[in-house]
Engineer: 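First the structure, which I've put down as structure tokens, then a few questions once you've had a look.
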Amino acid sequence: QVQLVESGGGLVQAGGSLRLSCATSGRTFSSYTMGWFRQAPGKKREFVAAVSRNGRSTLYADSVKGRFTVSRDDAKNTMFLQMNSLKPEDTAVYYCAATERLYTSSLTGLYDYWGQGTQVTVSS
């Protein structure tokens with residue numbers, strides 16, 4: 001199993017930036033495809049971005065393409081989400097997730113392990 005802990009959330013003005021981190025422990029980090037999801041109040045959890053085991057393949061939701069960048073550092077057992085040009089509609093709790101599947105996926109149900117989430121609030 002793998003344990004996931006998110007950090008880096010906070011309050012930022014529209015147009016600003018934040019960098020989220022997802023620190024992992026347990027099984028070898030490189031065994032997992034990793035993803036970021038978010039959930040706003042009253043809404044379903046939605047896919048944000050994913051990165052493959054080797055870091056060469058990434059996948060993004062249309063709503064964040066060109067603004068967010070997902071990456072991983074296997075030496076630090078950590079995944080990152082660089083968020084630029086933030087908008088009020090990006091406000092949500094952000095979760096990182098892991099799956100042993102080989103390929104990136106936007107499907108919530110394919111991820112086996114989840115963190116507790118970190119709050120991101122973007123003010124207008």
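Along the sequence shown, the residues carry numbers beginning at 1.
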Engineer: Hey, any chance Y113 and Y94 share a hydrophobic cluster, counting ILVMFWY side chains that come within less than 4.5 Å of each other, even indirectly?
Structural biologist: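 In one cluster with Y113: Y94, yes.
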Engineer: Can you see which heavy atom on Y60 is nearest to which on F68, and at what distance?
Structural biologist: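 Nearest pair, atom of Y60 first, then F68: CE2-O, 3.2 Å.
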Engineer: Quick one: do D90 and K87 make a salt bridge, cutoff under 4.0 Å?
Structural biologist: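 Looking at K87 together with D90, the answer is no, because their closest N to O distance does not fall below 4.0 Å.
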Engineer: Judged by atom type as modelled, is there a donor-acceptor pair below 3.5 Å linking the side chain of R101 to the main-chain atoms of Y111?
Structural biologist: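 No, R101 side chain to Y111 backbone: no donor-acceptor pair under 3.5 Å.
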Engineer: For the CG atom of L102 and the OG atom of S31, what is their distance to the nearest 0.5 Å?
Structural biologist: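 Reported to 0.5 Å precision, the distance equals 11.5 Å.
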Engineer: Determine whether a donor-acceptor pair (N or O, by modelled atom type, separation under 3.5 Å) exists between the side chain of R72 and the backbone of T33.
Structural biologist: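 It does not hold such a pair.
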Engineer: Tell me whether V12 is reachable from V93 by hopping between hydrophobic residues (I, L, V, M, F, W, Y) whose side-chain heavy atoms are closer than 4.5 Å.
Structural biologist: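 Different clusters.
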Engineer: Does any non-hydrogen side-chain atom of E46 lie less than 4.5 Å from one of R38?
Structural biologist: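 A side-chain contact exists here, since the closest heavy-atom pair is under 4.5 Å.
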Engineer: Using the rule that Ile, Leu, Val, Met, Phe, Trp and Tyr join whenever any side-chain heavy atoms are under 4.5 Å apart, tell me whether M34 and V120 fall into a single cluster.
Structural biologist: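 Same hydrophobic cluster.
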Engineer: Give the minimum heavy-atom separation between S105 and L107, together with the two atoms involved.
Structural biologist: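 Answer, listing the atom of S105 first, then L107: OG-N, 3.0 Å.
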Engineer: Could you pull out all residues at least two apart from R45 that satisfy side-chain contact (heavy atoms from CB on, under 4.5 Å)?
Structural biologist: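 Once residues adjacent in sequence are excluded, the partners of R45 under the side-chain contact (heavy atoms from CB on, under 4.5 Å) criterion are F37, Q39, Y95, W114.
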Engineer: Counting N and O atoms only, with roles assigned by atom type, does the side chain of T104 sit under 3.5 Å from a partner on the main chain of A50, one being a donor and the other an acceptor?
Structural biologist: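 Pair absent, no side-chain N/O of T104 close to backbone of A50.
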Engineer: Is there a donor-acceptor pair closer than 3.5 Å between any side-chain N or O of Y32 and the backbone N or O of A97?
Structural biologist: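 Not a single qualifying donor-acceptor pair exists.
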Engineer: What residue among T78, D73, T24 forms side-chain contact (heavy atoms from CB on, under 4.5 Å) with F29?
Structural biologist: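 Option passing the side-chain contact (heavy atoms from CB on, under 4.5 Å) with F29: T24.
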Engineer: Are the side chains of Q119 and L11 in contact, using a 4.5 Å heavy-atom criterion?
Structural biologist: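 No - every pair of side-chain heavy atoms lies 4.5 Å or more apart.
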Engineer: Once side chain to side chain donor-acceptor pair (under 3.5 Å) is applied, what residue pairs with a partner in residues 12-22 remain, sequence neighbours excluded?
Structural biologist: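 Found S17-N84.
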Engineer: Using every non-hydrogen atom in the two residues, find where S124 and P88 come nearest and quote the distance to one decimal.
Structural biologist: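 What the structure gives for the nearest pair is CB-CG, 3.8 Å.
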Engineer: Side chains of V70 and M79: does their closest heavy-atom pair fall under 4.5 Å?
Structural biologist: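 V70 vs M79: side chains touch.
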Engineer: Let me have the donor-acceptor pairs involving side chains of residues 3-10, under 3.5 Å, with sequence neighbours excluded, atom names and distances please.
Structural biologist:
residue: Q3; atom: OE1; partner: S25; partner atom: OG; Å: 3.4
residue: E6; atom: OE1; partner: Q116; partner atom: N; Å: 3.1
residue: E6; atom: OE1; partner: G117; partner atom: N; Å: 2.8
residue: E6; atom: OE2; partner: C96; partner atom: N; Å: 2.9
residue: E6; atom: OE2; partner: G117; partner atom: N; Å: 3.2

Engineer: Do L20 and F80 sit in one hydrophobic cluster, given that two such residues count as connected whenever their side-chain heavy atoms are within less than 4.5 Å of each other, even indirectly?
Structural biologist: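 No; F80 is not reachable from L20 via cluster members.
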Engineer: Using modelled atom types and a 3.5 Å cut-off, is there a donor and acceptor pairing between side-chain atoms of T28 and backbone atoms of S30?
Structural biologist: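 Answer holds: no.
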Engineer: Are L81 and L86 in one and the same hydrophobic cluster, where Ile, Leu, Val, Met, Phe, Trp and Tyr link if side-chain heavy atoms are under 4.5 Å apart?
Structural biologist: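 The answer is yes; both residues are in one hydrophobic cluster.
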Engineer: If every non-hydrogen atom of T91 is compared with every non-hydrogen atom of V122, which pair is closest and at what distance?
Structural biologist: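 Residues T91 and V122, closest heavy atoms: OG1-N, 2.9 Å.
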